[in-house]
Amino acid sequence: MTYYDQVAEAAELLRGRLGGLRPRVGIVLGSGLGAVADAVTEAVFVPYGEIPHFPQSTVEGHSGRIVAGLLGGVPVVVMQGRVHSYEGYTPQQVTFPMRVLGMLGVRAVVLTNAAGGIQQGYHVGQLVALADHINHMGWNPLTGPNEARFAIRKGAGLRFFDMTEAYSIRLRTLAKETAKEEGFALDEGVYLATPGPSFETPAEIRAFRALGATLVGMSTVPETIVARHMGIEVLGISCVTNLAAGLGVTHLSHEEVSDTGKQVERRLAGLLERLAPKIAAAVEAAQ
Ligand code: HPA
C-alpha cells in the first residue's frame, strides 16, 4: 500500500467518525497545551490508536487523540498530541497526520508548540506568533518522490514551491487582533526547529540567536512544510515555556515545559475560541 493510500484510508475512517462535521480548520496542540481541546463542544474523540497507520505519541503530556467538534461555533479538528522524530518516527510518519488533515478538507491549521525563548525580553508563559522558521532538523519531510495528489487547491503540490510566506500574514494579523481583544499582546518571532531530544547547549543557543532565531523547539517545522506543500494556510503559535539554555537561572526540564504549558493553556484556549470563527471565515472567502 502506498503512503498516499494509507493517508486516504486514515482520512476515510475519520470522515466516518466525524459524521456530518466538515472542519475547515485544524489545530495541533503542543506539549502541556492539551486542555485547549476542553473548549471544544459536541466533541467526538478518536484515539490515534483507532486510526489506521496513524503514529502514536509516546511523550508525557501528549495524549494522542483527535478531538473534533465546535470551537467558537465553527467545526474544528484538533490533534491533542503530536509525534516527533526523536521518538524514532520517520519524517513521513511525523507529517502523516498533517496529510490526513489536508485530505479531510482542512484549509488552515493552527500549529502550537512549547518553545524555549531566545530573544531578550521574552518571559515565561508568553505566547508568540510565528513570522518565520529555520529548519535545523537536518531533514525535510518532502524528500522522496513528489506526490502532487496531496494538493488541496490549484497551484499546490509542486516539487519546488515558495516559502516566503510560510506563516500566513492574514491569519497572524487576525491572531494579533484577537489577542488584543482578549487583553494581551501577541509578539512575532522566528522559530528554529532542532531534532532534540536533548535540550540545547548555551553555545548552540548563542549560535541560533546569531542565525536570527527568537524561539527554539523540536516540532512544527515539518508540519508547516507539508501543510504549505498541500496549500494549507498556517498560523504558528509558540508558548515560551522556559528561557533557552544559558539564559535562565534554572536547568531545563520537561517538567518545567509541561508546568508552564498548564498555566498558559487556558489563555491559549480563550484565544483560539475567539479566533477559530475568524479563521473559518477567512478560508471560506476566496483566497
Ligand atoms: N528547547 C527545545 N525545545 C523546547 C524548549 C527548549 O528550550 N522548551 C520547550 N521545547
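We're numbering straight along the sequence, starting at 1. Counting starts at 1 for both ligands and their atoms, following the listed order.
The 12-atom threshold is not exceeded at NZ of Lys180, counting heavy atoms of other residues, nucleotides or ligands nearer than 6.0 Å.
Sequence neighbours left out, the pairs with a member in residues 110-128 that pass side chain to side chain donor-acceptor pair (under 3.5 Å) are Asn113-Thr220, Asn113-Ser238, Tyr122-Thr214, His123-Gln126, Gln126-Asp187. For residues 2-16, the pairs satisfying side chain to side chain donor-acceptor pair (under 3.5 Å) are Thr2-Asp5, Glu9-His53, Glu12-Arg15, with sequence neighbours left out. Sorted by first then second residue, the side chain to side chain donor-acceptor pair (under 3.5 Å) pairs that include residues 129-140, not counting sequence neighbours, are His133-Tyr167.
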For ligand 1, find each of its N or O atoms that sits under 3.5 Å from a protein N or O atom, and tabulate the pairs with distances to one decimal place.
from     : atom 1 : to     : atom 2 : distance (Å)
ligand 1 : 1 (N)  : Glu200 : OE1    : 2.8
ligand 1 : 1 (N)  : Glu200 : OE2    : 3.3
ligand 1 : 7 (O)  : Asn242 : ND2    : 2.9
ligand 1 : 8 (N)  : Gly116 : N      : 3.3
ligand 1 : 8 (N)  : Asn242 : OD1    : 2.7
ligand 1 : 10 (N) : Ala114 : O      : 3.3

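With respect to Glu147 and Arg99, no salt bridge is recorded, no charged nitrogen being found less than 4.0 Å from a carboxylate O. No salt bridge links Glu182 with Arg267; every basic N to acidic carboxylate O contact stays at or beyond 4.0 Å.
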